[in-house]
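All values below come from the heavy atoms of this structure, side chains included, with hydrogens, waters and symmetry mates left out.
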Amino acid sequence: MESAMDCVQSGWNRVSCTSRPRGEGYFVIQRSKTMNQKHEESNLYKIRHSAAHVMAQAVLEMFPEGKVAIGPPIEDGFYYDFDLPRPLTPEDLEAIERRMREIIASDYEFVRRELSPEEARALYADQPYKLELIEGLEKGLDEYGMSEVEKPVITTYRHATFEDLCRGPHVERTSQINPDAIKLMKVSGAYWRGDERNPMLQRIYGTAWETAEQLEEYLHRLAEAEKRDHRKLGAQLDLFSIHPEQLGGGLILWHPKGGLIRHVAEEFCKAEHLAHGYDLVYSPHIGKSTLWEISGHLDFYRENMYAPMEIDGQEYYLKPMNCPFHILMYKNSLRSYRDLPFRFAEWGTVYRYERGGVLHGLLRVRGFTQDDAHHFCRPDQMPEEIDFVLNFCLHILRSFGLTEFNAYLSTRPGEGKAVGDPAQWRDAEAALEAALKRAAIPYEIDEGGGAFYGPKIDLAIRDAIGREWQLSTIQFDFNLPERFDLTYVGEDGQEHRPYMIHRALLGSMERFFGVLIEHYGGAFPVWLAPVQAVLIPIADRHVAYAEQVAARLKEAGLRAEVDDSSDRMGNKIRKAQEQKIPYMLVVGDKEVQAETVAVRLRTNENLGPKPIDEFIAMAQAAVAEKREL
RNA sequence: GCCCUCGUAGCUCAGUCGGCAGAGCAACCGCCUUGUAAGCGGUCGGUCGUCGGUUCGAGUCCGACCGAGGGCUCCA
């Protein structure tokens, strides 16, 4: 889907993925089990895990008939899932939290013991979820139903009246949990074992730290993240809007200021594409069912496609992807080995059905524009092509001020789950990995995590406050060239099958915009800022001069406005600060006299009076260098 | 789609026990003519998400629906 903007699918590779504890937030990359294990011995891990047990005790005291499921530590805290006779209220959470502090103060010891499966079953005779876990443990599965290398020993940890099936480790005594460093955050629904066919449990999320200061810091971090929320800033800065009731959920209106930013971003990217061997192409929004039958989308991607419309007795579908169109362009002529590679790029708007509950601002939408491209190349060109596209991708992302990356290389799924020649897969995987190494990007390998049609690199960026967002994807496709019988004429005069690579760099303009808003907290670099400078006349008599200066700035290619409202200067500055306009140019008697502008930056820095040309040169340099200011 | 919470003016929010729908900001109209984050006054602005029910009387209680927020599932 758009989170990775993979051109072919997402839904095609519907191998069931068992849910695991994950951090909060959107599209946080799942941590691998090995990463989790590194933290298991840490004090915070033990504190959080132990806090989960203490919470479970408090909940069971309140609901003796309640059933407990699992309660692991997670990034920043812990949760525990319960099956309870009634929904929990915010007041319940307060009561539970109070009781937790009492339990902590009682300083109970955590006692570990090993049990035989029979003993465990007797202990949890009235706890069906625990019985299911015990059954799994006997089969060598962990609490998430994933297979373990070694068959686990059944252990429990007991403190006070609560004994939980648990592999530990825990703190030694409840008093080692700081009562001033825990907080219950929210209650939400969660399916048992993450499977929507299973009963919905109530999950209580909590956070726990070593010190009250750390808790405070964490809450502050949450508040800071909330201030950057692209939905809030989108309204505050008048960038975009969503109208679920009148227009429909997941459909974005780009307002003039958001549209300006998108325009500047696209112009830059398109110019870079043209300068780097891409052809810009355009394709329509709908295509006949035949096309989607050949591509396989109707077989494998139907659940994400909208219902067909009938035109002259033929079924047409709104496009969920651009690839079939680009493939038809490739097929339109006989292709020679001399002409390869082809790089067809398109800002293609696609529509995909997303379930109502998952729509989220600009980050998860139903209609979006991908910066999509398809490369067609000879096998011998493939390594170079991959190298090129990865570097091009990094160049584009860096231009937007995104400089920290993490890559995820997904390789061939198990036997029978992949199309194409295994040797081709190995070549492709090797080329992908070699390119990552040359680019010196940190990466992880998701063994067997590739789609059935080819291996891929997903690239995530780290934003200004350390959150990871997946944007780019570079995917091989051994499937569509077969389905559409793509060929080129080789040196030997014979027909050969080209390699095909899908890629999206920013992913989707909508999602990228959302990430960019959050990364910059709305304070865009000068080249992207919708209004780059606002002229602030101190009194009415300075308005004419302000207009003149604004005209000169516009001639110089800068986006400038004049605030000719009847507000005082202080309020004009306040409004400009709130709009995060990079340059505030105050003009009063002195400036008119000296033909200068008093430059104030949105960082609150006051640069004092500057000749107009000097300011123009300064702002132009910031634009050219894509600086924040 | 599922669970919980929520829906009052353009925005942020108040509204007690069921008894005349409020404030600030914004917008608009004036006055002020201003020196680095809110000058002063006035005016406008509401089917209290929608529909139904209980009641003499519903923003308030009940139900359904729509939508949002946070999660789950999905999504890489």
Does a side-chain N or O from [X] land closer than 4.0 Å to OP1 or OP2 of [N], or not?
{"X": "A:R541", "N": "B:U34", "answer": "yes"}
{"X": "A:H360", "N": "B:G70", "answer": "yes"}
{"X": "A:R602", "N": "B:U36", "answer": "no"}
{"X": "A:Y205", "N": "B:C72", "answer": "yes"}

Quiz item: Do A:W425 and A:F476 have ring centres separated by under 6.0 Å?
Solution: no

Quiz prompt | Check: A:W254 ring centroid to A:F513 ring centroid under 6.0 Å | solution = yes

How far does the [atom1] atom of [N] sit from the matching atom of [M], given to the nearest Å?
{"N": "B:C65", "M": "B:C2", "atom1": "P", "value": "9 Å"}
{"N": "B:A21", "M": "B:U47", "atom1": "P", "value": "14 Å"}
{"N": "B:G42", "M": "B:A14", "atom1": "P", "value": "26 Å"}
{"N": "B:U8", "M": "B:G67", "atom1": "C1'", "value": "16 Å"}
{"N": "B:G19", "M": "B:G59", "atom1": "P", "value": "10 Å"}

Over how many whole Å does the gap from [X] atom [atom1] to [N] atom [atom2] extend?
{"X": "A:D563", "N": "B:U33", "atom1": "CG", "atom2": "P", "answer": "19 Å"}
{"X": "A:E94", "N": "B:U5", "atom1": "CD", "atom2": "P", "answer": "14 Å"}
{"X": "A:Y80", "N": "B:C4", "atom1": "OH", "atom2": "C1'", "answer": "20 Å"}
{"X": "A:N571", "N": "B:A27", "atom1": "CG", "atom2": "C1'", "answer": "14 Å"}
{"X": "A:I242", "N": "B:A68", "atom1": "CD1", "atom2": "P", "answer": "9 Å"}
{"X": "A:W192", "N": "B:G71", "atom1": "CH2", "atom2": "C1'", "answer": "18 Å"}
{"X": "A:R203", "N": "B:G71", "atom1": "CZ", "atom2": "P", "answer": "11 Å"}
{"X": "A:R197", "N": "B:C72", "atom1": "CZ", "atom2": "P", "answer": "18 Å"}

Practice problem: Work out which heavy atom in A:L184 is nearest to a heavy atom in A:E97; give both atom names and the distance. | Solution: N-OE1, 3.0 Å

So, does the side chain of [X] form a donor-acceptor pair with the base of [N] at under 3.5 Å?
{"X": "A:E591", "N": "B:G35", "answer": "yes"}
{"X": "A:R568", "N": "B:C32", "answer": "yes"}
{"X": "A:R364", "N": "B:C74", "answer": "yes"}
{"X": "A:Y191", "N": "B:G1", "answer": "yes"}
{"X": "A:R574", "N": "B:U36", "answer": "no"}

Practice problem: Please tell me which of the listed nucleotides, B:G35, B:A37, B:G1, lies nearest to the side chain of A:R355? | Solution: B:G1

Quiz item: Nearest to the side chain of A:I573, which nucleotide is it out of B:A37, B:G35, B:C2?
Solution: B:A37

Exercise. Between A:G608 and A:P87, just flag the one whose closest nucleotide in RNA chain B comes earlier from the 5' side.
Key: A:P87

Quiz item: Centre of A:Y79's six-membered ring, under 6.0 Å away, within 45 degrees of the axis: is that where NZ or CZ of A:R203 sits?
Solution: yes

Exercise. Kindly indicate whether a cation-pi arrangement holds for A:K186 with A:Y205, taking the cut-offs as under 6.0 Å to the six-membered ring centre and within 45° of the axis.
Key: yes

Quiz prompt | CA sep, side-chain torsions, deciding dist, call: A:Y80, A:F82, ring pair (Phe, Tyr, Trp, His ring centres under 6.0 Å) | solution = CA-CA 7 Å; A:Y80 212 116; A:F82 304 93; 5.1 Å; yes

